[in-house]
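Each remark here refers to the structure printed beneath this line.
In what follows, every heavy atom counts, from backbone to side chain, and hydrogens, waters and symmetry copies are set aside. All residue numbers in this chain count up from 1 along the given sequence.
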Amino acid sequence: MKRIAIIGNAFGGSTTSLAEAFLNQGYKVDFYHLTSRKKSVSYEAFDLPLRGSLFSIVPVDSFDYDGLRRFIPFARNKCFSMYQISAVDLSLIGVRRIINPILMLYYRKLARRIVAQKYDFVNVIGQSKSTAFLSVILQSKGVNVVHSVHEVCVNHQIGDRLSATVFYLIEKKIPINVFSQKSAEDLVRLADNKPLKYSVIPFSLFTGYLEYNDIDIPELKGEKDYVLFYGFVVDYKGLDVLLEAVYKLMNKGFTKKIVVAGGGNVGCLATIKKEKSFIVINRWIENVEISTLIRNCHIVVCPYLSSSQTGITQTVFNFDKPIIATKVPAFTTTIEDEKTGLLVDINDVEMFANAIIRSYEDVTLYTKMCNRVRSLRLNTKLMWKDIVMKYVQSYING
């Protein structure tokens with residue numbers, strides 16, 4: 001039985017689902033979860049109230065937590081192990097010059113531990129200098145490693161230069177996996193003709209969210225069947241477009257609530273908080289709240305101005321809900337127009353407003369979209385199997 005290791009910080013939704021997919025295909029999997037020593041026990045798509053001391057590697061003994069329970073039978077059969085690793089990110093002390101010898105020694109120690117396991121394949125996942133440094137050490141020790149990055153550019157809205165971490169990986173000749181064709185195009189375009197070994201292997205639904213049951217969210221006040229915008233509030237997500245669209249909806253007599261949920265701030269948020277059509281939950285949203293919000297909404301909206309890839313689709317589709325989104329690469333590659341959602345032109349307020357109304361008034365279309373999303377959800381295991389096979393072909397049997 002082949003053994004693999006997945007090492008990642010953040011991106012728990014796709015990372016744990018990838019681990020599950022490899023387990024379902026008969027692999028033994030060790031998951032090394034790199035984390036800062038934050039107070040929250042909630043990570044993307046799973047909860048884990050386990051905090052070790054700084055620079056510790058703590059085995060996870062119990063998986064009886066939301067988002068991790070599906071690993072219980074695999075752990076019982078000794079096919080799955082997980083380690084919580086508490087450390088400081090190297091990127092906090094400069095990307096191009098590493099000045100802290102304690103950090104250097106720690107990551108080398110972690111690398112030696114991984115090398116000693118003689119894995120058939122190691123997938124390091126992350127945007128930070130720490131994860132890239134780890135990949136470089138592992139490859140120098142003869143480990144079959146690929147490094148996955150979710151964004152390749154410093155700013156995907158501009159797309160004019162690669163991040164220092166990605167350049168570092170390229171310079172050290174580390175194989176890179178990206179999750180979208182847009183990211184691959186940016187990678188090739190901006191690599192400055194340096195030799196590249198890369199793959200484009202996407203991810204499917206984040207299955208961990210299905211383990212969460214509904215809870216009471218006080219700000220909702222029992223509201224259901226609402227329009228939902230969720231996620232960290234930043235400019236590129238087009239909240240101003242949604243505000244203008246809601247003004248048009250109000251003029252047409254639209255009475256459904258628009259829920260905006262997530263931490264962060266943009267210029268129009270103060271205005272949105274004053275509008276009676278909106279319910280604003282402007283704070284960190286826990287996994288259980290994300291599941292509750294999506295499960296009880298009518299449709300999710302993403303009026304993004306740019307995005308190369310996203311976890312929104314892979315989260316929302318778990319709950320058989322369609323999405324209204326703009327035609328940015330993240331959504332044109334994951335949403336089928338009028339089948340699993342509605343795609344509208346970027347910055348087109350009128351079109352966005354009409355799509356929202358249509359989702360309520362055209363019951364036949366809405367039902368068809370929900371059924372199509374449900375079909376995708378029921379095929380999630382098969383989709384993840386295909387993804388595993390791409391890793392196998394590219395990096396294990398290749």
Are any non-hydrogen side-chain atoms of Phe319 and Ser291 less than 4.5 angstrom apart?
-> yes
Step by step, would you call Phe167 with Leu190 a side chain to side chain contact (heavy atoms under 4.5 Å, CB included)?
-> CA-CA 9 Å; Phe167 257 124; Leu190 299 170; 5.8 Å; no
If you round to the nearest 0.5 Å, how far is CG of Asn144 from CG of Asp120?
-> 8.0 Å
Any donor-acceptor pair under 3.5 Å linking the side chain of Ser53 with the backbone of Ser56?
-> no
4.5 Å side-chain heavy-atom contact, Tyr366 and Tyr360 | no
Heavy-atom closest contact (Asn318 atom, Thr207 atom, distance) | OD1-CA, 4.1 Å
For the atom pair OG (Ser183) and CG (Leu162), what is the distance rounded to the nearest 0.5 Å?
-> 10.5 Å
Over 12 non-hydrogen atoms of neighbours within 6.0 angstrom of CZ in Arg161 | no
Looking only at heavy atoms, which two atoms of Phe22 and Val29 are closest? And how far apart?
-> CB-CG2, 3.8 Å
Under 3.5 Å, is there a donor-acceptor pair between the side chain of His33 and the main chain of Ser86?
-> no
Measure the spacing between CG of Leu243 and CD of Glu275 and express it to the nearest 0.5 Å.
-> 6.5 Å
Ser306 (side chain) donor-acceptor with Tyr236 (main chain) under 3.5 angstrom | no
Do Arg358 and Glu338 sit within salt-bridge range, that is, some charged N less than 4.0 Å from a carboxylate O?
-> yes
Mind checking whether Phe331 and Leu343 have side chains closer than 4.5 Å, heavy atoms only?
-> yes
Does Arg3 CZ have over 12 foreign heavy atoms under 6.0 Å away?
-> yes
Flag, side chain of Trp384 to backbone of Asn24, donor-acceptor distance under 3.5 Å | no
Going by heavy atoms in the side chains, are Ile279 and Ile258 under 4.5 Å from each other?
-> no
Tyr168/His147 under ring-ring contact (aromatic ring centres under 6.0 Å, His included): CA gap, chis, key distance, verdict | CA-CA 11 Å; Tyr168 178 65; His147 193 107; 9.3 Å; no
Would you say Gln84's side chain and Val58's backbone share a donor-acceptor pair under 3.5 angstrom?
-> no
Could you list all the salt bridge (charged side-chain N to carboxylate O under 4.0 Å, His left out) pairs where at least one residue sits in residues 131-151, not counting sequence neighbours?
-> none
Ring centers of Tyr226, His298 separated by less than 6.0 Å = no
Evaluate side chain to side chain contact (heavy atoms under 4.5 Å, CB included) for Ser148 paired with Asn123, printing each intermediate quantity in order.
-> CA-CA 7 Å; Ser148 297; Asn123 184 195; 3.1 Å; yes
Short N-O contact, Lys182 and Asp186, less than 4.0 angstrom | yes
With a 4.5 Å limit on heavy-atom distance, are the side chains of Tyr209 and Asn287 in contact?
-> yes
NZ (Lys172) with more than 12 external heavy atoms under 6.0 Å = no
Flag side-chain contact, heavy atom, 4.5 Å: Val316 against Phe206 | no
State whether the side chain of Ser17 and the backbone N or O of Ser14 hold a donor-acceptor pair below 3.5 Å, judged by distance alone.
-> no
Measure the spacing between NZ of Lys256 and OG of Ser277 and express it to the nearest 0.5 Å.
-> 13.0 Å
From Val145, Ile4, Ile114, residue fulfilling side-chain contact (heavy atoms from CB on, under 4.5 Å) relative to Tyr119 = Ile114
Answer yes if the side chains of Asp47 and Tyr212 hold a donor-acceptor pair under 3.5 Å, and no otherwise.
-> yes
Quick one: closest heavy-atom pair of Lys129 and Thr165, and the distance?
-> N-OG1, 3.8 Å
Could you tell me whether the side chain of Ser394 and the main chain of Tyr391 form a donor-acceptor pair under 3.5 Å?
-> no
Got Val344 and Lys327 here, is their nearest side-chain heavy-atom distance under 4.5 Å?
-> no
For the pair Glu350 and Lys252, find out whether any cationic side-chain nitrogen is under 4.0 Å from an anionic carboxylate oxygen.
-> yes
Of the non-hydrogen atoms in Ile201 and Tyr395, which two are nearest, and what is the gap between them?
-> CD1-CE1, 4.3 Å
Quick check: does any side chain N or O of Asn397 sit under 3.5 Å from a backbone N or O of Gln393, one acting as donor and the other as acceptor?
-> no
Could you name each residue pair satisfying salt bridge (charged side-chain N to carboxylate O under 4.0 Å, His left out) that touches residues 66-77, not counting sequence neighbours?
-> Glu20-Arg70, Asp64-Arg69, Asp66-Arg69, Arg70-Glu211
Once you round to the nearest 0.5 Å, how far does CG of Leu242 lie from CZ of Phe278?
-> 4.5 Å
Rounding to 0.5 Å, atoms CG (Leu169) and CZ (Phe133) come to a distance of 12.5 Å
More than 12 heavy atoms of other groups within 6.0 Å of Lys273 NZ = yes
Looking only at atom types and distance, does a side-chain atom of Thr15 sit under 3.5 Å from a main-chain N or O of Gly12, one as donor and one as acceptor?
-> no
Applying the 4.5 Å side-chain criterion to the ILVMFWY set and letting contacts propagate, would Leu220 and Val301 be lumped into a single cluster?
-> no
Looking only at heavy atoms, the pair that brings Val154 and Ser163 closest together is CG2-CA, 3.7 Å
NZ/Lys2: more than 12 non-hydrogen atoms of other groups inside 6.0 Å = yes
Positive for side-chain contact (heavy atoms from CB on, under 4.5 Å) with Phe352, one of Leu342, Ile346, Ile324, Leu249 | Ile324
Under 6.0 Å from the NZ atom of Lys276, do we count more than 12 heavy atoms belonging to anything else shown?
-> no
Show your reasoning for whether side chain to side chain contact (heavy atoms under 4.5 Å, CB included) applies to Asp214 and Arg295.
-> CA-CA 8 Å; Asp214 282 2; Arg295 197 178 276 119; 2.4 Å; yes
Indicate the atoms forming the closest heavy-atom contact of Phe11 with Gly126, along with that distance.
-> CE1-CA, 4.5 Å
Across all chains, not counting sequence neighbours, the ring-ring contact (aromatic ring centres under 6.0 Å, His included) partners of Tyr230 are none
Looking only at side chains, do Thr367 and Thr364 share a donor and an acceptor under 3.5 Å apart?
-> no
Spell out, as yes or no, whether a donor-acceptor pair under 3.5 Å connects the side chain of Lys28 to the backbone of Phe80.
-> no
Quick one: are the ring centres of Phe179 and His150 less than 6.0 Å apart?
-> yes
Could you walk me through whether Thr131 and Gln127 pass the side chain to side chain contact (heavy atoms under 4.5 Å, CB included) test, one step at a time?
-> CA-CA 7 Å; Thr131 54; Gln127 305 293 126; over 6 Å; no
Does any non-hydrogen side-chain atom of Ile335 lie less than 4.5 Å from one of Thr313?
-> yes
Ile125 with Val392, same ILVMFWY side-chain cluster at under 4.5 Å = yes
